[in-house]
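Every heavy atom of this structure was used, including side-chain atoms; hydrogens, water molecules and symmetry mates were not. Lettering of chains follows the sequences in order, A, B, ..., and the numbering in each one begins at 1.
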Number of protein chains: 2
Amino acid sequence: MAFAETFKALSDPVRRQILELLKKGPLSAGDIGSHFEMTGATISYHLKILKQADLIFESREKNFIYYQLNTTVLEEIMLWISELKGGNSDAES
Amino acid sequence: MAFAETFKALSDPVRRQILELLKKGPLSAGDIGSHFEMTGATISYHLKILKQADLIFESREKNFIYYQLNTTVLEEIMLWISELKGGNSDAES
DNA sequence: GGGGTATTTAGAAAAAAATCTAAATATCCC
DNA sequence: GGGATATTTAGATTTTTTTCTAAATACCCC
């Protein structure tokens with residue numbers, strides 16, 4: 001159940017910002033890092049969390065690793081929130 | 001910007017479960033606590049986080065404090081996720 | 001008012017997460 | 001192969017979060 005993992009991954013501002021950066025297209029770890037005031041190691045840590053949550057995936061090319069958004073998991077989150085908003089749990093009248 | 005707060009609040013499994021309990025209707029702090037293996041103080045802590053994130057609100061009655069879901073903030077989260085999925089940031093063709 | 005129940009607050013302890021530095025891999029390209 | 005660049009891993013430290021116990025509030029009802 002990677003569900004909890006996804007929520008955890010989304011809870012950090014840096015990681016959300018990374019996702020927003022990737023919205024515009026794939027970026028290398030270095031490119032991503034250049035947007036933040038932290039070491040590459042820390043960025044790598046955040047990328048690992050996002051990867052484990054299935055929110056991003058990587059593709060290797062030349063000497064770089066490019067990361068891109070994986071939106072499929074976001075559907076699940078949307079569904080959960082939607083059901084929370086939706087009201088009663090089983091059915092409606 | 002309570003946005004980050006909301007994500008943080010949603011990142012904890014206990015708090016998500018509390019929200020799910022409240023989906024069925026208002027509950028007192030004690031009622032909520034009876035669903036978990038933790039002290040009332042800890043439940044109170046989680047309720048405070050949820051309250052600060054505007055995910056729940058309380059109404060006092062008799063000797064009890066009843067909590068209920070506030071779904072308005074969830075819209076914002078949905079929107080954010082939706083835009084992340086949606087692709088380009090400003091508009092569509 | 002005063003005992004009783006419900007909940008919160010304060011403060012400390014334990015657990016988890018974020019960050020750094022230094023070193024390790026991995027891959028490119030000459 | 002070997003130096004150069006990109007990224008990750010390991011381990012330690014700092015910060016944040018979760019949890020507990022004990023005490024404090026708050027409110028009810030006799």
Rounded to the nearest Å, what distance is computed from the OH atom of residue A:Tyr66 to the P atom of nucleotide C:dT27?
15 Å
Return the 5'-most residue of the pair A:Lys8, A:Met38 with respect to DNA chain C, ranking by each residue's nearest nucleotide.
A:Lys8
Distance-only polar pair, side chains of A:Glu20 and B:Trp80, donor-acceptor under 3.5 Å
yes
Looking at A:Lys85 and B:Glu75, is any side-chain nitrogen of the basic one under 4.0 Å from a carboxylate oxygen of the acidic one?
yes
Does B:Ser34 form a side chain to side chain donor-acceptor pair (under 3.5 Å) with B:Asp31? I'd like the steps, not just the answer.
CA-CA 5 Å; B:Ser34 72; B:Asp31 287 341; 5.3 Å; no
What distance separates B:Ile43 CD1 from B:Lys48 NZ, expressed to the nearest 0.5 Å?
14.0 Å
Could you check which of C:dT5, D:dT8, D:dT18 has an atom nearest any side-chain atom of B:Asn63?
C:dT5
Are any of the side-chain nitrogens in A:Glu58 or A:Arg60 under 4.0 Å away from the carboxylate oxygens of its partner?
yes
5'-most contact on DNA chain D: A:Ile65 or B:Asp12, nearest heavy atom basis?
A:Ile65
Just the rounded figure in Å: distance from P of C:dC20 to CD1 of A:Ile43.
9 Å
Please state whether the phosphate of D:dT19, meaning OP1 or OP2, lies under 4.0 angstrom from any side-chain nitrogen or oxygen of B:His46.
yes
Which of D:dT21, D:dC27, C:dA22 is nearest the side chain of A:Ala41? It is C:dA22
Under 4.0 angstrom between B:Ser44 side-chain N/O and C:dT7 OP1 or OP2
no
So B:Phe7 and B:Phe3, would you call those rings parallel, tilted or perpendicular, with 30° and 60° as cut-offs?
perpendicular
At how many degrees, to 10°, do the end axes of the helix from C:dG1-D:dC30 to C:dC30-D:dG1 meet when each uses five pairs?
30°
Keeping the roles fixed (side chain from A:Arg15, backbone from A:His46), state whether a donor-acceptor pair exists under 3.5 Å.
no
Starting at atom CD of A:Gln17, determine the distance to atom P of C:dA18, rounded to an integer number of angstrom.
15 Å
Options C:dT5, D:dT21, C:dT7, nucleotide nearest the side-chain atoms of B:Thr39:
D:dT21
What's A:Gly30 touching, base or sugar-phosphate or nothing? Going by heavy atoms closer than 4.0 Å.
sugar-phosphate
Taking the nucleotide of DNA chain C with the closest heavy atom to each, which residue, A:Ile49 or A:Lys62, is nearer the 5' end?
A:Ile49
Strictly below 4.0 Å: does A:Arg60 bring a side-chain N or O up to OP1 or OP2 of D:dT7?
no
Check the distance between D:dT18's P and B:Ile18's CD1 and give it to me in whole angstrom.
11 Å
Once you round it to whole Å, what is the distance between C1' of C:dG11 and OH of B:Tyr45?
15 Å
Contact under 4.0 Å: B:Thr42 side-chain N or O vs D:dT18 OP1/OP2:
no
What's the CD-P distance between A:Gln52 and C:dA16, to the nearest Å?
15 Å
Minimum-distance nucleotide (side-chain atoms of A:Phe64 versus D:dT17, C:dT7, D:dT7)
D:dT7
Distance from A:Lys8 atom NZ to B:Leu10 atom CG, nearest 0.5 Å?
11.0 Å
Could you state the CG-P distance from A:Leu47 to C:dA17, rounded to the nearest angstrom?
17 Å
Between atom CZ in A:Phe7 and atom C1' in D:dT17, what is the gap in whole Å?
18 Å
